[in-house]
Amino acid sequence: MADRVLIFDTTLRDGEQSPGASMTIKEKLMLARQLEQLRVDVIEAGFPISSDGDFESVRRISGEIRSITIAGLARAAKKDIDRCWDAVKHAAKPRIHVFLATSDIHLQYKLKKTREEVLKEACEAVAYAKSLCPDVEFSAEDSTRSELAYLARVVEAVIEAGANVVNIPDTVGYTIPTEYAERIKYLFSHVPNIGRAILSVHCHNDLGLAVANSLAAIQSGVRQVECTVNGIGERAGNASLEEIVMALYTRKDLFGIETGINTGEIYPSSSMVTNLTGMMVQPNKAIVGKNAFAHEAGIHQDGVIKEKLTYEIMKPETVGIKESKLVMGKHSGRHALRRKYQELGFDLSNAELEKAYTLLKKVADKKKEVFDEDLIVTVRDALRIVPPVFKLKYIQSTGGNQIVATGTIVLEKEGVSYQDSATGNGPVDAVLNAIKRVTGFNGKLVEYTVRSVTGGADAVGEVFMKVDFGKATFIGKAASLDIVDASARAYVDAVNKLVHYESALTAHKEQHHETPA
Ligand code: KIV
Ligand code: ZN
């Protein structure tokens, strides 16, 4: 039987640290369920001490996802480890992931500690974590810039202290495949107790080498790789899960290594991450980009028609990409729609189906053809993750190059309608200004993306916006045939998330007898 490498997914922790990727607790739970379908081995669900929200999402994921290991991150400090344990302790398979830097650069400038002090702290932290949890991982942060002999001493000592997994991260994306492979081989040959732990890697993509470095490390013997869906993460991101998995799958002849990944769930996972974070995948991105399986050149098209093998090393269906299919017309009924949604992986309640049905009828009235993609964006609107406090009831806008753009909106809150109008630099700006006047939430748009879901001038447009409200930043999303309408609803979505966040925070503070700020 082929050797197996464990896939440690950190989309919810390192991925979520990427600028603009923040998710709500419900969104994180939804992604964790998808990662379970994808069959990753470990989900790093968050960094519990970093915020109440992170703690709560790690705790909820630990309670719900029972088939795989749930890890929480902690610095090498008792209070971090305690908080992490509190969040993961109800998981079926909990893991505490402790990290401490080992490079002289970090020791001198960040930690202001000696190598001996760090070695001792790492061992104490691992031993303490182990006294709480049977599964402990230790990461030697910035290990690719750490002195090798010292790194080997740390690895040996933390294994002695009880670490089951030792991670050798390329924190700053600095190494290259041959150098990394040598480093790993050195550890295998110089750490006497190395056989008692699983060696892991975690690569960042600053030089565009995260996947190549991870694969080189696997070839040198590591049996856990840490990665994220779509490669999202700090700065240039982390190693992309789908690229590592499909390289191992496609070149099994070379690697002789298996993963437990259900490859058919790769594309649905990628789409979910895009949809939840608003971080679009570039069209030429390997495996999951829009063009990854598109053949444009005549010679290629001719070859693929004759025999797919000529230019295709993987089948799109292996990663879960299905052909766009015409799915619904004006006359399709609820029954067919429910069946279609089931095929797409959405089990809708009657109320949700009714909402999706009404929204889709509107789309089908205006648009000749309705595709799977239209169905997916529509269902996301129907399943609004946050129950809306403000509902957009009416919208009207004017614009052009000779007039001042104006927007009028009616918003409903608790059954009462509020109307207002405003001007702006364009119809979208005008409508958002009117919404700000009614809600009183004056957010700043830090990111704004419009994506056409299917082709053609009558395509459904999906708007993602990141809105900074000062105290917190939220992503708002909405889809519509009309971009101004989608933009207005995306802003209202972000406002609703803020309102929920504030009431959850107040409830939490009241529960803990703190005075709300
Ligand atoms: O990049 C890094 O070193 C990390 C550690 C916490 C594993 O994210
Ligand atoms: Zn990292």
Side-chain angles (χ1 to χ4, degrees), residues 6-19 21-22 40-51 54 58 69-77 80-81 83-84 87-88 95-107 109-111 118 121-122 125-126 129 135-146 151 154-155 158 163-175 180 183-184 187 197-211 213-214 217 222-241 244 279:
L6 301 173
I7 302 294
F8 176 116
D9 181 276
T10 183
T11 311
L12 287 164
R13 200 276 298 167
D14 222 339
E16 224 249 349
Q17 276 171 230
S18 26
S22 56
V40 303
D41 298 283
V42 183
I43 292 177
E44 184 164 53
F47 188 5
I49 199 148
S50 67
S51 70
D54 242 41
V58 177
T69 299
I70 307 297
L73 186 66
R75 286 168 298 190
D80 273 45
I81 296 169
R83 189 81 174 137
C84 180
V88 297
R95 176 181 293 181
I96 298 177
H97 178 189
V98 177
F99 74 100
L100 186 59
T102 51
S103 69
D104 287 339
I105 299 174
H106 279 233
L107 265 58
Y109 297 106
K110 186 178 86 174
L111 302 174
V118 164
E121 272 179 30
V126 167
D135 187 358
V136 174
E137 170 168 342
F138 176 79
S139 278
E141 193 191 10
D142 202 20
S143 67
T144 50
R145 292 192 298 170
S146 303
L151 180 64
V154 173
V155 173
V158 293
N164 311 67
V165 180
V166 182
N167 188 31
I168 311 299
D170 185 21
T171 305
V172 289
Y174 176 74
T175 196
Y180 205 25
R183 189 160 278 257
I184 301 294
L187 294 176
I198 295 172
L199 212 56
S200 166
V201 286
H202 169 118
C203 298
H204 281 269
N205 207 27
D206 300 66
L207 293 173
L209 292 169
V211 171
N213 286 335
S214 305
V222 310
R223 287 297 173 264
Q224 177 180 281
V225 272
E226 304 193 356
C227 43
T228 60
V229 174
N230 295 346
I232 65 168
E234 280 276 343
R235 309 181 306 280
N238 287 61
S240 135
L241 179 148
I244 295 175
M279 294 178 74

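We count ligands from 1, going down the list as the structure has it; atoms in each ligand are counted the same way.
Atoms of ligand 1 found under 4.0 Å from any heavy atom of Pro169 (numbered from 1 in listed order, with element): 3 (O). Remark: ligand 1 atoms within the under-4.0 Å shell around heavy atoms of Asp14 are 8 (O). Against a heavy-atom cut-off of under 4.0 Å, His204 is close to the following atoms of ligand 1: 1 (O). Here is the list of ligand 1 atoms found below 4.0 Å of a heavy atom in Ser139: 7 (C). Residue His202 approaches ligand 1 through these ligand atoms, each under 4.0 Å from one of its heavy atoms: 1 (O), 2 (C), 4 (C), 7 (C), 8 (O).
For atom 3 (O) of ligand 1, the closest non-hydrogen atom on the protein side is Thr171 OG1, 2.7 Å.
Arg83 and Asp80 are not joined by a salt bridge, as no carboxylate oxygen comes within less than 4.0 angstrom of a charged side-chain nitrogen.
In summary, Glu234 places no N/O/S atom under 2.8 Å from the Zn ion (ligand 2), failing the contact criterion.
Checked against a 3.5 angstrom limit, the closest N/O atoms of Asn167 and ligand 1 fall outside it.
For Asp14, the N, O or S atom closest to the Zn ion (ligand 2) goes by the atom name OD2. Atom NE2 is the N, O or S atom of His204 at the shortest distance from the Zn ion (ligand 2).
The residue from Thr171, Asp14, Thr10, Asp170 that alone fulfils the side-chain hydrogen bond (donor to acceptor under 3.5 Å, both in side chains) condition with His202 is Asp14. Each of Val211, Asn213, Leu6, Val201 was scored for a side-chain contact (heavy atoms from CB on, under 4.5 Å) with Val225, with one residue passing: Val201.
No side-chain donor-acceptor contact under 3.5 Å links Ser146 and Ser103. Residues Glu44 and His97 bring a donor and an acceptor atom of their side chains to less than 3.5 Å of each other. Residues Asn167 and Glu226 have side chains that bring a donor and an acceptor to within less than 3.5 angstrom of each other. Between Thr228 and Asn238, the side chains place no donor N or O within less than 3.5 Å of an acceptor N or O (distance only, hydrogens not considered).
For Asp41 (side chain) and Phe8 (main-chain N/O), no donor-acceptor pair under 3.5 Å exists by modelled atom type.
For atom 8 (O) of ligand 1, the choice among Arg13, Glu141, Glu234 with the nearest heavy atom turns out to be Arg13.
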